[in-house]
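Have a look at the structure below, then the notes.
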Protein chains: 2
Amino acid sequence: MGPDPLHRHNGRMSNTAISRPARRTERPAYGRDSLLEVAVAVFNERGYDGTGMEELARRLGLSKSSIYHHVAGKEELLSLAVTRALDSLFAVLDEGPAPDTSATARLRHVVRRSVEVLAAELPYVTLLLRLHGNSDTERQALARRREFDQRVADLVLRAAAEGGIRHDIDPHLASRLLFGTVNSLIEWYRPDGNLPVTTLADSLTAVLFEGLSRQGAAGAGPGRPSGRIQD
Amino acid sequence: MGPDPLHRHNGRMSNTAISRPARRTERPAYGRDSLLEVAVAVFNERGYDGTGMEELARRLGLSKSSIYHHVAGKEELLSLAVTRALDSLFAVLDEGPAPDTSATARLRHVVRRSVEVLAAELPYVTLLLRLHGNSDTERQALARRREFDQRVADLVLRAAAEGGIRHDIDPHLASRLLFGTVNSLIEWYRPDGNLPVTTLADSLTAVLFEGLSRQGAAGAGPGRPSGRIQD
DNA sequence: GCACGCTAACCGAATGTTCGGTCGGTACAC
DNA sequence: GTGTACCGACCGAACATTCGGTTAGCGTGC
């Protein structure tokens, strides 16, 4: 029926001890960042729409109203999270090998770095990849995400023009498979497991780039350029 | 929730009007199946938790209360959808080449047929793959899904033991990449586009099986067996 | 051939519950 | 005494679901 009446104890949870300004008092006190971290974790567990502010408060060890002391509301938490994810992803495109390098080499770099970003910012990217576009915030994030996808697709196209991709696979399909596989990492990869990110990135790029580059003769392979993809 | 509440003759199939008995009014006159089809489409657009019964009613051209004439509630719609998806997926495992065929050949068949099922039952599988486990219904579905994944992973392990998978890639990782890529199809593949399922399945199996089978020497490839993956 | 009852299909107006969010206030560090 | 961090109590809106009907077509008796 009713929740247990807690007598104003601040039993703050242990982890997420951001040790920036050397806290002296034993009052941990959430900042925006540590609060966001917990919120995103819960959003990913139950889904953004499936998470209530009350459940969020419970997991934070706070009351519902206290959350509004730190952020404007539920939607701001979402906005902060996906902006962080998108900024990290776009940074990958603007760094990397000089533009005069071969497109194939640059693509390889983008894939590898995307895997690393995905691992480093896993909760934030996970939230981004599961948006539905139910609010303005979500729709704007999806628009930025589509822009990212578009720029990667262009790079794949240039790699294909260089001959970096086997001719019996449509470059548009190659894009989809490449980043479909990369994005599917959010479904199972856990950075705290015993598979290092470097090994993951090595294996993923090896499998996909070798599969995408070599002309195949294995059993039931096709021989003609395949159908185009829309959108 | 639990057992299906009686199964009297359900109405009509999806709008392939066979006009079997007699003509109804000009109204759509939904049966369970056609109603489910619309509902699942809306669930996939806005997310299950993000879809209200009112929005559902609007899209059906019905009143909210009329939905309850056909199904017990929102959760039954979800249950019907994911059961259909899971039944189709498990059927793939139980058909196919005889058990005395090589594991590699059987795996290839499972991957190809999974792609086909994914395309044929796209909305239902999409809904399944996006569950969070917020209710008993969802948790039961996720349990069945994990069982499917486990059986596929076993098959990959046997294929690896046969030598069907290159030795510098851990079979557990190979499983994840393989079905990560297959499952990522729900994010972009549309059966009504101009990429036929057969071409898709050909290309996907070609890229992945060639990438996974051949020992690589392309640039930055690893050389040792990679780290293990947990659960 | 038509009156009658039956039922599937539907609706508008409610039900209680949960939602995201607000408000006035307390504790305490500096 | 001012600012930061927090809380319980509360609010209107939206939620899934229920209830008491109405309508239309079909089968049957006659």
Side-chain angles (χ1 to χ4, degrees), chain A residues 1-13 18 21-35 38-39 42-43 46-79 134-138, chain B residues 1 5-12 19-35 38-39 42-43 46-79 134-135 137-138:
Chain A
M1 206 133 354
D4 285 334
L6 307 169
H7 316 303
R8 62 179 161 92
H9 60 8
N10 304 325
R12 211 59 24 73
M13 301 304 274
I18 40 161
R23 277 255 172 226
R24 285 184 302 172
T25 59
E26 54 176 320
R27 203 186 171 99
Y30 280 106
R32 299 189 125 226
D33 289 358
S34 54
L35 192 142
V38 177
V42 183
F43 287 160
R46 329 252 299 200
Y48 176 72
D49 287 317
T51 305
M53 292 301 271
E54 197 147 359
E55 164 73 5
L56 211 51
R58 216 175 45 77
R59 292 282 293 269
L60 284 161
L62 285 182
S63 75
K64 210 170 40 148
S65 51
S66 296
I67 298 177
Y68 291 88
H69 177 69
H70 298 279
V71 290
K74 196 185 180 188
E75 202 164 345
E76 185 177 85
L77 286 168
L78 181 65
S79 174
N134 290 343
S135 65
D136 263 355
T137 303
E138 296 191 31
Chain B
M1 212 180 295
L6 52 95
H7 32 287
R8 53 191 71 206
H9 69 313
N10 30 0
R12 54 227 94 237
S19 67
R20 231 221 315 204
R23 293 202 46 85
R24 290 249 161 244
T25 346
E26 303 187 31
R27 264 208 268 252
Y30 284 104
R32 299 190 123 227
D33 289 358
S34 53
L35 193 140
V38 176
V42 183
F43 287 161
R46 328 253 298 199
Y48 176 72
D49 287 318
T51 305
M53 292 300 270
E54 196 149 359
E55 164 74 5
L56 211 52
R58 216 175 45 76
R59 291 281 294 266
L60 284 161
L62 286 180
S63 74
K64 234 181 352 169
S65 52
S66 295
I67 298 175
Y68 292 88
H69 176 70
H70 298 278
V71 290
K74 196 185 178 187
E75 201 166 345
E76 186 179 85
L77 285 169
L78 182 65
S79 173
N134 291 343
S135 66
T137 304
E138 297 190 31

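The chains referred to below are lettered A, B, ... by the order of the sequence lines, with proteins before strands, and numbering in each begins at 1.
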If you count the non-hydrogen atoms of other residues, nucleotides and ligands that lie under 6.0 Å from CD in A:Glu76, is the total more than 12? yes
B:Ser66 vs C:dC11: side-chain N/O to OP1/OP2 distance below 4.0 Å: yes
Separation of B:Glu76 atom CD from D:dT18 atom P, in whole Å? 12 Å
Considering only side-chain heavy atoms of B:Tyr68, which listed nucleotide, D:dC7, C:dC10, D:dT18, is closest? D:dT18
A:Ala72 vs B:Ser65, nearer the 5' end of DNA chain C by closest nucleotide: B:Ser65
Quick one: OG1 on A:Thr51 to NZ on A:Lys74, what's the gap to the nearest 0.5 Å? 6.0 Å
What is the distance, rounded to the nearest whole Å, between atom CD of A:Glu54 and atom P of D:dA14? 20 Å
Could you check how far CD1 of A:Ile67 sits from P of C:dG20, rounded to whole Å? 10 Å
Roughly how far, to the nearest 0.5 Å, is CG of B:Leu60 from NE2 of B:His70? 8.5 Å
Would you say B:His70 reaches C:dA8's phosphate, i.e. side-chain N/O to OP1/OP2 under 4.0 Å? no
In whole Å, what is the span from the CG atom of B:Asn134 to the C1' atom of D:dA16? 16 Å
Smallest heavy-atom separation, A:Leu78 atom then A:Phe43 atom, equals N-CE1, 4.5 Å
Looking only at D:dA5, C:dT22, D:dC7, the nucleotide nearest the A:His69 side chain is D:dA5
Tell me if the CD atom of A:Glu55 is crowded by more than 12 foreign heavy atoms within 6.0 Å. yes
Figure out the CG/P separation between B:Asp49 and D:dA14, and round it to whole Å. 18 Å
Rounding to 10 degrees, work out the angle separating the end axes of the helix from C:dG1-D:dC30 to C:dC30-D:dG1 (five pairs an end). 0°
Among D:dC7, C:dG21, C:dG12, which nucleotide sits nearest the side chain of A:Lys74? C:dG21
Distance criterion of 3.5 Å, no angle test: do you see the side chain of A:Lys64 paired donor-to-acceptor with the base of D:dG8? no
Of the nucleotides C:dC10, D:dG8, D:dA16, which has the atom closest to the B:Leu62 side chain? C:dC10
What are the two closest non-hydrogen atoms of B:Ser79 and B:Thr137, and how far apart are they? CB-CG2, 3.7 Å
How many angstroms lie between atom OG of B:Ser63 and atom CD of B:Glu54, to the nearest 0.5 angstrom? 10.0 Å
Output the rounded distance in Å from CE (A:Met53) to P (D:dC7). 13 Å
How many Å lie between CD on A:Glu75 and P on C:dG21, as a whole number? 8 Å
Please report the distance, rounded to the nearest Å, between CG in B:Leu60 and C1' in C:dC10. 13 Å
